[in-house]
Each structure stands twice: as structure tokens, then as C-alpha cells.
Amino acid sequence: KNQVEQSPQSLIILEGKNCTLQCNYTVSPFSNLRWYKQDTGRGPVSLTIMTFSENTKSNGRYTATLDADTKQSSLHITASQLSDSASYICVVSDPFGNEKLTFGTGTRLTIIP
Amino acid sequence: DTGVSQDPRHKITKRGQNVTFRCDPISEHNRLYWYRQTLGQGPEFLTYFQNEAQLEKSRLLSDRFSAERPKGSFSTLEIQRTEQGDSAMYLCASSSRTSGDHNEQFFGPGTRLTVL
């Protein structure tokens with residue numbers, strides 16, 4: 001069973017609309033939770049990093065939230081753009097020096113004009 | 001370009017052949033990681049180095065896989081006697097313990113391996 005589960009698996013929205021992606025994790029304890037954006041055929045690029053004590057972190061139109069009690073995180077994208085089309089991956093790192101990252105399977109987001 | 005680079009970007013090989021991939025990390029990053037990503041899945045950890053020392057290997061890394069980082073700079077990942085199940089994207093990432101910011105890992109563009 002994957003320790004990091006994401007939903008939905010895929011999402012299609014119109015350009016300009018907002019959307020929220022969900023992440024549930026069972027990795028515990030953990031050091032920090034990250035959201036990555038991965039364009040097709042490219043390596044992941046970090047969007048946000050939150051420690052277990054942080055509740056929210058923003059990066060431009062991306063806002064991540066974290067509820068360590070329920071082990072849930074979300075990534076909210078505001079005013080979507082065509083370039084937001086990508087896979088968004090939730091990643092949890094172990095507390096022992098951040099050596100190992102556990103990746104979710106990702107949400108494939110498609111923005112249509 | 002001062003990011004993580006990987007070579008080649010694409011590799012097509014026949015089953016049973018050996019392949020070798022190279023990763024050049026960000027300059028002065030002392031940690032280097034290898035991941036494997038299959039279609040529709042998130043990356044899976046394979047192994048990581050701190051300088052030239054290989055500190056951890058995943059159970060995914062069978063005896064046919066070997067990784068080296070001889071001088072603590074670039075790294076190579078070799079797969080011997082490739083199988084069709086080895087077809088995947090192989091990602092390399094690097095980080096610096098001294099850079100702060102939660103030991104953020106910076107990923108390369110990956111090497112796409114197809115085994116026929």
C-alpha cells in the first residue's frame with residue numbers, strides 16, 4: 001500500500017479556474033511535506049516545502065496546506081494557466097536527515113483554453 | 001546551465017544488453033540520489049551517495065544494478081542484462097547538506113530507458 005495517496009488521479013479544468021489537489025499520507029513521523037510539479041518527460045520541480053509544524057505555504061498562485069493531525073495536505077492553484085498542465089506530486093520525507101523521499105502517484109492536471 | 005544534467009536523455013536497448021547512465025549534479029552538492037519512475041507512477045528511491053560513499057540502497061536495486069560516484073562528483077548507474085521491466089525514467093537528484101531549506105533535492109531531466 002502506497003504511503004502517500006493522491007486524489008484525483010486526473011483533473012481537467014478550464015483556463016482561469018481554480019482547483020484543489022488532495023494528498024493523504026501515512027508516513028509517520030515525517031520531516032517535511034513537499035509538492036512537486038512535473039512536466040511530461042522532465043524531472044520534478046519543487047513548488048512548496050512545509051515542516052510538520054507549518055499549516056500553509058504559498059508560492060505565487062500555488063498554496064499548500066497541511067493538517068498533521070489528519071495527515072492530509074492540499075495544493076490549491078488559483079487562476080490556472082495553460083502552463084499549469086502537468087503532474088503534481090505530493091512527497092513526504094523521513095525525519096532522519098531527509099535522505100529518502102516517498103512520492104505519491106501524482107495528479108495529472110490538464111488546463112484547457 | 002548550473003542544474004543537474006543527465007546523459008543520455010533517451011536510451012533504447014535490446015533485452016540482455018548492458019546500459020550505463022551518467023548524472024552530473026549541481027556543483028558542490030555533496031548528496032546525489034537515483035530514482036526510477038514508471039509510467040503513471042511517482043518516482044521510487046533507488047540509492048543515494050554522500051560524497052563518494054553509497055549510504056543507502058533500496059530493495060528495488062537488484063544485483064543487476066550498480067551505481068558509483070568515484071570522485072564524489074558525477075555518478076553512473078549501470079544496468080546489466082536489461083529486462084523489459086527495467087523500462088522506466090531514471091531520475092537523478094542532488095542536494096547540499098549545508099544549503100539549508102530542508103535539504104531540497106534538485107532533479108535532472110531524467111534518462112528514459114526503453115528495453116525491447
Side-chain angles (χ1 to χ4, degrees), chain A residues 1-10 21 23-25 27 30-54 57 59 64 66 75 86-110, chain B residues 1 3-6 8-10 21 23-26 30-50 53-61 88-114:
Chain A
K1 181 172 169 37
N2 198 346
Q3 293 180 296
V4 181
E5 295 189 335
Q6 295 185 239
S7 62
Q9 283 189 329
S10 61
L21 314 180
C23 173
N24 296 319
Y25 61 92
V27 178
F30 74 97
S31 175
N32 52 67
L33 185 145
R34 314 163 187 222
W35 283 91
Y36 281 86
K37 177 185 179 185
Q38 185 175 24
D39 293 314
T40 301
R42 310 289 299 191
V45 174
S46 179
L47 294 176
T48 63
I49 300 177
M50 292 181 291
T51 67
F52 61 88
S53 62
E54 294 180 288
K57 182 70 71 76
N59 177 4
L66 174 63
L75 180 69
S87 288
Y88 291 84
I89 307 176
C90 175
V91 186
V92 177
S93 68
D94 70 44
F96 307 110
N98 297 340
E99 274 28 301
K100 189 186 306 182
L101 303 181
T102 301
F103 289 77
T105 55
T107 292
R108 178 69 201 176
L109 177 64
T110 303
Chain B
D1 187 353
V4 178
S5 62
Q6 293 186 242
R9 294 293 309 278
H10 304 274
F21 310 141
C23 170
D24 287 89
I26 292 173
N30 59 348
R31 293 186 168 184
L32 187 147
Y33 309 78
W34 284 99
Y35 295 86
R36 182 174 68 186
Q37 185 176 26
T38 53
L39 202 61
Q41 301 295 314
E44 296 173 294
F45 171 82
L46 292 178
T47 187
Y48 98 97
F49 293 84
Q50 180 163 312
Q54 189 174 17
L55 297 187
E56 187 170 352
K57 293 170 59 174
S58 163
R59 288 173 298 176
L60 295 174
L61 217 63
M89 173 80 86
Y90 290 84
L91 292 164
C92 175
S94 71
S95 70
S96 171
R97 187 61 175 169
T98 60
S99 66
D101 197 17
H102 311 295
N103 190 35
E104 182 173 358
Q105 295 181 25
F106 296 85
F107 284 81
T111 293
R112 168 73 66 189
L113 172 66
T114 301

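Reminder, nothing fancy here: chain letters follow the sequence lines and each chain counts from 1.
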**Student:** Report the option among B:S58, B:G110, B:P109, B:P43 that has the most heavy-atom pairs separated by less than 4.5 Å from atoms of chain A.
**Tutor:** B:P43

**Student:** Non-hydrogen atoms of chain B under 4.5 Å away: do they reach the side chain of A:Q6, the backbone, both or neither?
**Tutor:** neither

**Student:** What are the two closest non-hydrogen atoms of B:E104 and A:S46, and how far apart are they?
**Tutor:** OE2-CB, 2.9 Å

**Student:** As an exercise, state the distance from CD of B:Q41 to OG of A:S87, rounded to the nearest 0.5 Å.
**Tutor:** 11.0 Å

**Student:** Would you mind checking which part of B:Q37 comes under 4.5 Å of any heavy atom in chain A, side chain (CB onward), backbone (N, CA, C, O), both or neither?
**Tutor:** side chain

**Student:** Please walk me through it: do A:L101 and B:Y35 pass side-chain contact (heavy atoms from CB on, under 4.5 Å)?
**Tutor:** CA-CA 10 Å; A:L101 303 181; B:Y35 295 86; 3.7 Å; yes

